[in-house]
Amino acid sequence: MDYSKPEIIEKKWQLEWENKKIYSQYQKNKEKIYILEMFPYPSGKIHMGHLRNYTIGDVVARFYRNNNFNVMHPMGWDSFGMPAENAAIENNLNPKEWTEKNIENMKKQLKSIGLSIDWGKEISTCSEEYYKQQQNLFLDFYKAGIVYKKDSYVNWDPEDKTVLANEQVIDGRGWRSGALIEKKKLSQWFLKITDFTKELFDDLKNLSEWPEKVKTMQKNWIGISRGVEIRFKITNTTDCINVFTTRPETIFGASFLAISVEHNLADLFEQNEEFRIFKEKCLKLQSQEIDNNEKLCFFTNLFAENPFTGEDVPIVFTNYVLIGYGTGAIFGCPAHDKRDFEFAKKYNFKILPVIEPPLDSKQKIPYVDIEEKAKLINSYFLDDLNPKIAQEKIVKKIEEKKIGKVKTVSKLRDWGISRQRYWGCPIPIIYREDGKIIALEKDELPVRLPEDIDLSKPGNPLDNHPTWKYTKCKKTGMNALRETDTLDTFFDSSWYYLRFCSPKNDKIPFDNKNVSDWMPVDHYIGGIEHAILHLLYSRFFCRALKKSSYNVPSEPFKKLVTQGMVCHETFKDNSGKWVEPHKVIKKENEYFYKKNGSLEVLIRGRSEKMSKSKKNVIDPDIIIKEFGADTARLFMISDSPPERDLEWSVEGIKATYKYLKKIFDFLKNDFTFIIEISNEKIKNFSEEEIKIFKISQKTIFEYTDDIKNYRFNTAVAKLREYSNVLQKTSLNKTLKNYCWSIYLKLISIITPHFCEEIASHSGFNKFVSELDWPVMNKDYLKEENVKMVVMVNGKKRGLVEVLSNTDQEKLIEIIDKEKNIFVSKKDKFKKIIFVKNKIINFVK
RNA sequence: GCGGCCGUGGCGGAACUGGUAGACGCGCAACGUUGAGGUCGUUGUAGGAGUUAUUCCUGUGGAAGUUCGAGUCUUCUCGGCCGCACCA
């Protein structure tokens, strides 16, 4: 037996586990725990990010399994989406084939990591079974009024020829294609996520086990702010314009009304050629160039009456007021708003200060702060008040005069779910020849995707299909056209965690009983890149499902863990081309590589997220083949805390392998795996052996605590300390066997195959993976002696070893006796600080 | 611009509620063992001083503060990373 080919050992144990189905057994008498990692998109191969994500999840799942929990740890595939369609076009095959082939390969890869997954619960969102149930949910949402259709400007991706949600547009470009996004008006399906804005915002505070960072990002995304809506009369008409502001107290400084080009008022100017050009330009700027803050202005020749001063101020259209926020109209107060200030300066609007900053304020005009010492000026009844009080007063006045009301607005928009693509879930809707929109009956599901599809033509493939969309209304027999849009894939991933509770049920999306047994997901682990979209949509789904009378919790994920990226060093040659790190020759802080037989100097870049473009990717498959999954797992877990980025290094992986090999060689002879050790035997141990026994108890305690708290790196450090001690000390056979068996049980959640192999070689005939977690004997956790720090004036002056819980009097006595510590008489000191078992500080 | 996170050896990182800074590992160095290989073992490894010892001084981006005591708390400042971005 040796450890030169871990892959062979690992295959063997993976098969054994699978044959005995040890990861698909459930025991209802135990407490449940649902551990889930974000399911992968089947791109074809797993990458280091997957390896890290699934290793973390697996360590946790194994930990709870061994700690007497009823664990659910399933896996599935987020298998609808654009890449399948693109790959199908390139390789002239069907997206379904491509996807299924990828799933097969990735499943094999995932299995080679040795994950404790119940593959019996495997789901795939592109399967008919899954999307049938999804259509079911769509119909329920339709009935509950959560899904609706409306015309709207959409983000149009000219390359993918599809619509994107706001959050799928990054810096003005499509999140997948990278193409510049255009605004286009289309009829689209929407989910009413805005019905839940307040809940989604307020309930964030209850998510105590979510990272603050994610909660902050969601808060900012939802972007709730309280303010006032004020009505301005358009001069010489009966029409009004409502504006939204959070600074109503600055109303006396208003010098214009600025209105979005998409505001209703723009309808009046439809015939105006100049305006149409202006509007076009604004829309283009808004959707594209992110750094362009150029403010455009279109004078309307209309005026509005300031309800407090009676003054007429000009109404203008501009690109810097957005239709999607507030009312799409504002009053401009240039003296106290940076944007209004910029705009006013450019177009010569009056700039009237209405708040006087405190004398010590660094801010000049525009003064935008709200400070205690600031006071209102030029504002009639508000003069001399501080802005906060002025605000309260003016709000009251506005309400009294019935010209406006307090209002809370949000940045959140309804979620557009229509996609003009083939490889997605068909929407179960038909358009009847009499013009009616008809939702299908549940017994008409699933609406299947046709397999004979031509993806080569631009536009929507389902719409292009010769026959698919032609159908008849079941009730009336009238001709009808199917909805040819498919659902956004974020729809698929918004409820998959519920489907895992009853993955085989072909009648309903999920079973209430099973959902109440398993939900919520106790630990949800995945990348930070889903902090907003996927997580917010999932939170919304649960609320929407509740409203559609499903029995689900409103928060799907109890604890959220966002793991960092896997990074690797980067190199560039002098022409700026990236060079693979493994080709680099390192010589004393200089870097070279062989090019055409000669050595060329390289520039070392910073460590970056592994990506093909930077040529710094490492294929997990190769690592597993060379060093084994256990080595890869241990390295992934031990080098840095899960939420931080992980620096990949060849040295690190090699050292990890060497470590496992060393332990393996050490234990392969003369070791017997045992589960327990009798109290009788402990009594006969020597003092030295008791010390080791104590260390083992302490290790169990601290390691367990670290794992529970996701401090895997320190957990591994403690384990290494433990094995270092064990290797250096000669122990009686019983104790040696015991201590190393503890070690194996502890590390088995990280390196399961390794442990099974050693244990079985050492006479154990069950699975270490199925053993209970080691129980520590608390009697041996207590330390008899402690080292206490002796300080004078807060500086360390020495250490004394004393019995634990020694009191101050006794300690001073001991210190007096120790000649090396120059503290003789306690009355010399002003004060003595004593912290039991920790420090004593003499203050002169 | 707004919001958040983070600055600790050559590197990744420890230090839980303020109480021995640098655990564990990488790298490096010395010695030993091997003598065709992804070695192995032992020891050392924050910097400086030194009478070489169970020694002293300085050290957690910088400045100040609170405290008997600060990597940890407070304020300012510099640097890095991430998110949002004309959100009224």
Side-chain angles (χ1 to χ4, degrees), chain A residues 4 171 211-217 219-221 223-225 227 243-247 250 258 285-286 290-295 318-322 324-333 336-340 342-343 368 409-411 528-529 531-532 564 567 589 606-607 626-627 635 638-641 643-659 662 665 702 705-706 709 711 713-722 724 728 787-799 818 820-821 829-835 837-844:
Chain A
S4 59
D171 292 348
E212 280 310 315
K213 183 182 170 147
V214 175
K215 287 191 277 185
T216 310
M217 282 166 78
K219 265 187 215 158
N220 291 342
W221 185 261
I224 284 183
S225 49
V243 304
F244 177 76
T245 181
T246 54
R247 301 289 302 272
T250 64
L285 276 178
Q286 266 171 33
I290 202 71
D291 287 333
N292 194 331
N293 275 2
E294 192 193 348
K295 291 179 174 54
T318 180
N319 60 327
Y320 87 92
V321 173
L322 309 171
Y325 191 77
T327 59
I330 60 155
F331 70 76
C333 178
H336 306 290
D337 182 285
K338 276 181 189 156
R339 297 148 302 182
D340 296 342
E342 213 180 292
F343 189 70
V368 299
V409 303
S410 161
K411 290 193 258 180
I528 187 79
E529 65 273 23
I532 296 170
C567 298
N589 291 334
R606 58 167 210 182
S607 179
E626 274 190 55
F627 300 100
F635 178 74
S638 57
D639 223 43
S640 43
E643 64 280 5
R644 242 187 271 181
D645 287 353
L646 175 86
E647 178 64 27
W648 175 268
S649 78
V650 197
E651 290 82 13
I653 197 87
K654 281 183 183 169
T656 308
Y657 173 73
K658 273 192 224 166
Y659 172 73
K662 194 166 85 177
D665 290 342
E702 291 182 345
D705 194 52
D706 279 351
N709 291 296
R711 293 189 298 256
N713 54 331
T714 54
V716 172
K718 275 157 201 160
L719 216 51
R720 291 183 92 127
E721 250 178 298
Y722 182 51
N724 288 347
K728 277 181 198 153
K787 280 177 186 160
M788 290 190 65
V789 181
V790 182
M791 290 173 141
V792 177
N793 284 337
K795 287 199 170 180
K796 185 182 146 194
R797 280 291 172 264
L799 285 174
E818 298 235 358
N820 275 331
I821 293 164
F829 300 101
K830 244 196 275 177
K831 205 164 153 190
I832 296 169
I833 311 283
F834 174 79
V835 182
N837 296 336
K838 290 221 162 120
I839 58 128
I840 184 157
N841 189 8
F842 298 92
V843 186
K844 276 184 187 165

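Throughout, a chain's letter reflects where its sequence line sits, starting with A, and its residues are numbered from 1. Note that this is a predicted model, so its numbers are computed, not measured.
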Quiz item: So does A:K295 reach the base of B:rC86 with its side chain, donor to acceptor, closer than 3.5 Å?
Solution: yes

Are [X] and [N] close enough that a side-chain N or O sits under 4.0 Å from OP1 or OP2?
| X | N | value |
| --- | --- | --- |
| A:K795 | B:rU58 | yes |
| A:K658 | B:rC40 | yes |
| A:R797 | B:rG69 | no |
| A:R644 | B:rG12 | no |
| A:K831 | B:rC68 | yes |
| A:N793 | B:rG69 | no |

Pairwise [atom1] distance, [M] and [N] [rounded to whole Å]:
| N | M | atom1 | value |
| --- | --- | --- | --- |
| B:rG7 | B:rG62 | C1' | 11 Å |
| B:rA15 | B:rG83 | P | 27 Å |
| B:rC16 | B:rA23 | P | 15 Å |
| B:rC81 | B:rA49 | C1' | 39 Å |
| B:rG69 | B:rC82 | P | 40 Å |
| B:rG19 | B:rG25 | P | 24 Å |
| B:rU34 | B:rG22 | C1' | 34 Å |
| B:rC40 | B:rU33 | C1' | 7 Å |

Quiz item: For RNA chain B, whose closest nucleotide is more 5', that of A:S225 or that of A:T216?
Solution: A:T216

Quiz prompt | Most 5' of A:A655 and A:E647 on RNA chain B, judged by nearest nucleotide | solution = A:E647

In whole Å, I'd like the distance from the [atom1] atom of [X] to the [atom2] atom of [N].
| X | N | atom1 | atom2 | answer |
| --- | --- | --- | --- | --- |
| A:I832 | B:rG69 | CD1 | P | 16 Å |
| A:R711 | B:rC24 | CZ | P | 17 Å |
| A:L646 | B:rC11 | CG | P | 18 Å |
| A:D645 | B:rC11 | CG | C1' | 16 Å |
| A:Y659 | B:rG25 | OH | C1' | 11 Å |
| A:I528 | B:rC81 | CD1 | P | 17 Å |
| A:E702 | B:rC24 | CD | P | 13 Å |
| A:H336 | B:rG1 | NE2 | C1' | 19 Å |

In terms of side-chain heavy atoms of [X], which of [options] is nearest?
| X | options | answer |
| --- | --- | --- |
| A:N713 | B:rC84, B:rA14, B:rG38 | B:rA14 |
| A:F627 | B:rA21, B:rG38, B:rG13 | B:rG38 |
| A:L322 | B:rA14, B:rC86, B:rC68 | B:rC86 |
| A:K796 | B:rG38, B:rC26, B:rA21 | B:rA21 |
| A:M217 | B:rG83, B:rA88, B:rG12 | B:rG83 |
| A:N841 | B:rC68, B:rG12, B:rC86 | B:rC68 |
| A:T714 | B:rC24, B:rA15, B:rG27 | B:rA15 |
| A:P641 | B:rA85, B:rG19, B:rG13 | B:rG13 |
| A:A717 | B:rC24, B:rG12, B:rG13 | B:rC24 |
| A:D337 | B:rA14, B:rG12, B:rA88 | B:rA88 |

Exercise. Can you label the angle between the A:Y325 ring and the A:F244 ring as parallel, tilted or perpendicular, going by 30° and 60°?
Key: perpendicular

Base, sugar-phosphate, or nothing: which does [X] touch, judged by heavy atoms less than 4.0 Å apart?
| X | value |
| --- | --- |
| A:K654 | base |
| A:S649 | nothing |
| A:E721 | sugar-phosphate |
| A:E212 | nothing |
| A:V243 | nothing |
| A:N724 | sugar-phosphate |

Quiz item: Stems in RNA chain B: runs of 3 or more consecutive Watson-Crick or G-U pairs, distances under 3.5 Å?
Solution: B:1-7 with B:78-84, B:10-12 with B:24-26, B:27-32 with B:40-45, B:46-49 with B:55-58, B:61-65 with B:73-77

Quiz prompt | Atom of A:K338, atom of A:V368 and distance for their closest heavy-atom approach | solution = N-CG1, 4.0 Å

Quiz item: Taking all atoms of both residues into account, what is the closest heavy-atom pair of A:D645 and A:S640, and its distance?
Solution: O-OG, 3.2 Å

Self-check item: Interatomic spacing from NZ in A:K787 to CG in A:L799 - rounded to 0.5 Å
Solution: 7.0 Å

Exercise. Hey, could you give me the CG/OG1 distance between A:D706 and A:T714, rounded to the nearest 0.5 Å?
Key: 3.5 Å

Quiz item: Which way is the base of B:rG9 turned, syn or anti, if we draw the line at 90° from 0?
Solution: syn

Evaluate the side-chain proximity of [Y] to [X]: yes if any heavy-atom separation is below 4.5 Å, no if none is.
| X | Y | answer |
| --- | --- | --- |
| A:F635 | A:W648 | yes |
| A:D337 | A:R247 | no |
| A:I839 | A:K796 | no |

Quiz prompt | Cationic N near anionic O, under 4.0 Å, A:K718 to A:E721 | solution = no

Quiz item: Any donor and acceptor pair, going by atom type alone, linking the side chain of A:S649 with main-chain N or O of A:G652 inside 3.5 Å?
Solution: yes

Self-check item: Any donor-acceptor N/O pair, A:D340 side chain to A:A258 backbone, under 3.5 Å
Solution: no

